[in-house]
Amino acid sequence: TVFSICILLLPCAVYVIFLIRCIRGWHFGSIEKADCPLEEVTVIVPARNESATLIRTLAAIDAQEYPPGRLQVIIVDDASEDDTRQKALDFISSDTRHPVRLLALDGVGSKKKAISAAVAEANSEWILTVDADVLIDSPHWLKTMFSEADQETWMICGPVLLRRKRDGLFPVLSERS
């Protein structure tokens, strides 16, 4: 009957509307309030064998339109076996807008241990963590993260857009093996 078909299609229609709103919000959701308070923030970048992407991520963080003195970056080299530590040191010695420092952990690598060590070293009320291989494609990333924060806010989460390096089913399956 028509009623049965409507009952079956209604959840599908609601789901499609939900997906459309998520996609629109994802691409157009960079809301920046002019009166947004720019909190002091520490960005923690845990890195283990991330020499290929670390500099790109650090440069994007350093390029944030955020007042000097309100942002610091802590890179945690989590017992890397490549030249991640050296690339971090090279970046620190370059001319950065914001203070950047390195914590070097030796021994068995653990992302939880790396983040915990950096949190203990941070001296700001707000802490953001971002992996060393994340592509930050906006100089307003930090401002956007704080755009909806108020006195009642105790945690902020943001999306990560996943991109495949290669298209097709075979490359995806071959990467998993």
Side-chain angles (χ1 to χ4, degrees), residues 26 29-30 36-166 172-177:
W26 189 287
S30 295
C36 172
L38 299 178
E39 305 288 345
E40 280 191 36
V41 62
T42 300
V43 177
I44 297 173
V45 184
R48 178 170 169 79
N49 299 330
E50 297 286 356
S51 67
T53 57
L54 178 65
I55 298 301
R56 178 195 68 200
T57 301
L58 293 174
I61 294 168
D62 196 54
Q64 291 299 298
E65 292 185 9
Y66 215 75
R70 310 285 297 163
L71 167 64
Q72 69 169 323
V73 180
I74 300 176
I75 308 161
V76 188
D77 177 33
D78 190 16
S80 292
E81 297 169 348
D82 64 0
D83 62 341
T84 296
R85 188 174 296 183
Q86 186 57 51
K87 288 200 174 185
L89 290 169
D90 292 345
F91 185 82
I92 291 168
S93 67
S94 69
D95 187 25
T96 60
R97 293 181 59 221
H98 305 284
V100 182
R101 59 189 168 143
L102 173 67
L103 289 179
L105 304 181
D106 293 317
V108 178
S110 160
K111 188 173 185 177
K112 179 181 175 184
K113 183 174 132 183
I115 292 172
S116 295
V119 167
E121 294 286 322
N123 58 12
S124 61
E125 187 173 339
W126 286 96
I127 297 172
L128 274 76
T129 64
V130 60
D131 287 347
D133 61 352
V134 169
L135 174 62
I136 299 169
D137 62 353
S138 169
H140 305 289
W141 170 67
L142 281 174
K143 288 181 180 179
T144 302
M145 292 297 286
F146 285 111
S147 66
E148 295 298 320
D150 60 24
Q151 296 296 326
E152 302 296 317
T153 305
W154 62 273
M155 184 164 100
I156 300 171
C157 300
V160 175
L161 180 61
L162 301 176
R163 297 178 192 249
R164 284 196 198 137
K165 294 179 184 170
R166 298 176 283 178
V172 171
L173 292 176
S174 66
E175 288 177 0
R176 306 250 183 226
S177 58

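One distance of note links CD1 of Ile136 with CZ of Arg56; it measures 9.0 Å at 0.5 Å rounding. Here CG of Leu54 is found 5.5 Å from CD1 of Ile75. Values are rounded to the nearest 0.5 Å. A distance of 5.0 Å separates CG in Asp62 from OG1 in Thr96, rounded to the nearest 0.5 Å.
Screening residues 92-106 for salt bridge (Lys or Arg N to Asp or Glu O under 4.0 Å), with sequence neighbours left out, gives Arg85-Asp106, Arg101-Glu121. Counting only residues at least two apart or in different chains, salt bridge (Lys or Arg N to Asp or Glu O under 4.0 Å) contacts with residues 42-51 comprise Arg48-Glu81. For residues 98-134, the set of pairs meeting the ring-ring contact (aromatic ring centres under 6.0 Å, His included) definition, not counting sequence neighbours, comprises Trp126-Phe146.
Residues satisfying the side chain to side chain contact (heavy atoms under 4.5 Å, CB included) test with Ala122, not counting sequence neighbours, are Thr42, Ile74, Ile127. With sequence neighbours excluded, the residues satisfying side-chain hydrogen bond (donor to acceptor under 3.5 Å, both in side chains) with Lys111 are Asp131. A search for side chain to side chain contact (heavy atoms under 4.5 Å, CB included) contacts involving Pro139 returns Glu65, not counting sequence neighbours. Residues meeting the side-chain hydrogen bond (donor to acceptor under 3.5 Å, both in side chains) test with Ser51, sequence neighbours left out: Asp82, Asp83. Listed by chain and number, the residues in a side chain to side chain contact (heavy atoms under 4.5 Å, CB included) with Ala117 are Leu103, Leu105 (sequence neighbours excluded). Checked against side chain to side chain contact (heavy atoms under 4.5 Å, CB included), Ser116 has the following partners two or more places apart in sequence or in another chain: Lys112.
The two residues Val76 and Ala118 make their nearest non-hydrogen contact at CG2-CB, 3.5 Å. For Tyr66 against Val41, the heavy-atom pair with the smallest separation is CE2-CG1, 3.9 Å. When every heavy atom of Asp78 is checked against every heavy atom of Ser110, the shortest pair comes out as OD2-N, 2.9 Å. Taking every heavy atom of both residues into account, Ala47 and Ser80 meet most closely at O-OG, 3.6 Å.
Counting only heavy atoms from C-beta outward, the side chains of Lys87 and Thr84 never approach each other to under 4.5 Å. At least one side-chain heavy atom of Trp141 sits under 4.5 Å from a side-chain heavy atom of Val130. Looking at heavy atoms from C-beta onward, Val43 lies in side-chain contact with Leu142 at the 4.5 angstrom threshold. The closest side-chain heavy-atom distance from Val45 to Val73 is below 4.5 Å. Between Asp90 and Ile55 there is no side-chain heavy-atom pair separated by less than 4.5 Å.
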